[in-house]
Amino acid sequence: MNVPVRTVAVPLRAAHPPGVRAETTGDPMPTVPPMLQRILEKPVADGEKLLESALSAFLDFGIKRTSMGEIARRAGISPATLYRRFESKNDLVEAVSVREAQRFVAAIDRQVHIVSGTDDQLVEIFVAFIGAIAGNELLRRLLRTEPDLILPRLTTDAGPILAVGRGYLAEKLRELRAAGGTHDFDADLVAEIMARLALSLALTPDGLIPVSDQDAAREFARRTLLPMVGVGV
């Protein structure tokens, strides 16, 4: 998740834009949620076939209708071996979710690497983040066929999901802020806004904010996100 950012020798002394309070220098860094720590760990190649087998079964049948026996069959192992690796289906669902999030983070890192300049990198983080969430195949499948399972976790009980997204985005924003070229802005507050917007777009993609059109999403980010952090104003 640590994206190398080109260092720019520009001190951050400009005033932050109205409405976005600058963080106090010297404040302790926010605690990283345990789930985010797992996501940021280097993916382990061992067990990749098993997780891929579980994901394919979830996509075909949904989570509730997928049995551990079906996953074992697809992975070419016995159910007993599967249960030695994962004591319950819930443990396996969590492992698949972490692996999907790791892929999500890697995709954002790749997209940010192809551009230079703080403003362009901010835009790419936003576009990649909302695009990856709104376009996730498993999430879309569950929203369509098992809303009773997934909707509470994305609405009334969405605090942990937002904490993970906010923590990830805030760290990315701090890296860009430290590289220079922006006003001093509250990375956690901006990350919160981005995470909530992405979650809203994943739940209701239809509207005026572009999700599927990356060029239009970039233009939206330049008109709304960059002024919020003091870039391009």
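Quick note: numbers below take in every heavy atom, side chains included, and nothing from hydrogens, waters or symmetry partners. No experiment lies behind these values; they were computed from the predicted model shown.
Between the CG atom of D188 and the CD atom of E171 there is a distance of 10.0 Å, given to the nearest 0.5 Å. Atom CG of L142 sits about 8.5 Å away from atom CG of N136, to the nearest 0.5 Å. L82 contributes atom CG, which lies 5.0 Å from atom CD1 of I77 (distance to the nearest 0.5 angstrom). Here L189 contributes atom CG and R166 contributes atom CZ; the two are 10.0 Å apart, rounded to the nearest 0.5 Å. In this structure, S56 OG and F61 CZ are separated by 8.5 Å, a value rounded to the nearest 0.5 Å. For the atom pair CZ (R99) and CG (L51), the distance works out to 5.5 Å, reported to the nearest 0.5 Å.
Judged by distance alone, with hydrogens and angles left aside, the side-chain atoms of T66 form a donor-acceptor pair with the main-chain N or O of G62 at under 3.5 Å. The main-chain N or O of V93 is found under 3.5 Å from a side-chain atom of S97 such that the two form a donor-acceptor pair. Using modelled atom types, no side-chain atom of T204 and backbone atom of L201 make a donor-acceptor pair closer than 3.5 Å. Using a distance-only test at 3.5 Å, with no hydrogens or angles considered, a donor-acceptor pair links the side chain of K89 to the main chain of I63.
Within 6.0 Å of CZ on R103 lie more than 12 heavy atoms contributed by other residues, nucleotides or ligands.
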(request) Begin from the C-alpha positions of V105 and Q102 and carry the test side-chain contact (heavy atoms from CB on, under 4.5 Å) through to its verdict. (result) CA-CA 5 Å; V105 167; Q102 288 173 333; 5.7 Å; no

(request) Evaluate the criterion side-chain contact (heavy atoms from CB on, under 4.5 Å) for residue pair E52 and L55; output intermediate values, then yes/no. (result) CA-CA 5 Å; E52 192 62 35; L55 175 61; 4.1 Å; yes

(request) Would you sort out whether F126 and L169 count as a side-chain contact (heavy atoms from CB on, under 4.5 Å), showing the intermediate values? (result) CA-CA 9 Å; F126 174 78; L169 289 168; over 6 Å; no

(request) Could you walk me through whether L151 and L203 pass the side-chain contact (heavy atoms from CB on, under 4.5 Å) test, one step at a time? (result) CA-CA 9 Å; L151 275 179; L203 292 170; 3.8 Å; yes

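Smallest separation of non-hydrogen atoms from F104 and A128: CE1-O, 4.3 Å. Closest approach of L50 to A75, counting heavy atoms only: CD1-CB, 3.9 Å. Across all non-hydrogen atoms, the minimal contact from A198 to I130 is CB-CG2, 3.8 Å. Of all non-hydrogen atoms in A195 and G165, the two that sit nearest each other are CB-C, 4.2 Å. Residues A95 and F86 approach most closely at CB-CE2, 3.5 Å, considering heavy atoms. Among all heavy-atom pairs drawn from I133 and A202, the shortest one is CG2-CB, 3.4 Å.
Checked for salt-bridge contact, E124 and R218 meet the test: a charged N lies under 4.0 Å from a carboxylate O. Classification of R174 and D186 as a salt-bridged pair fails, no side-chain N sitting under 4.0 Å from a carboxylate O.
A continuous path of hydrophobic side-chain contacts links L154 to L149 [ILVMFWY only; heavy atoms under 4.5 Å].
Considering only heavy atoms from C-beta on, I71 comes within 4.5 Å of F58 through its side chain. L173 has its side chain within reach of L122: a pair of non-hydrogen atoms, C-beta onward, lies under 4.5 Å apart.
Relative orientation of the Y168 and F129 rings is parallel, given thresholds of 30° and 60° on the angle between their planes.
For residues 133-150, the set of pairs meeting the salt bridge (charged side-chain N to carboxylate O under 4.0 Å, His left out) definition, not counting sequence neighbours, comprises K64-D148.
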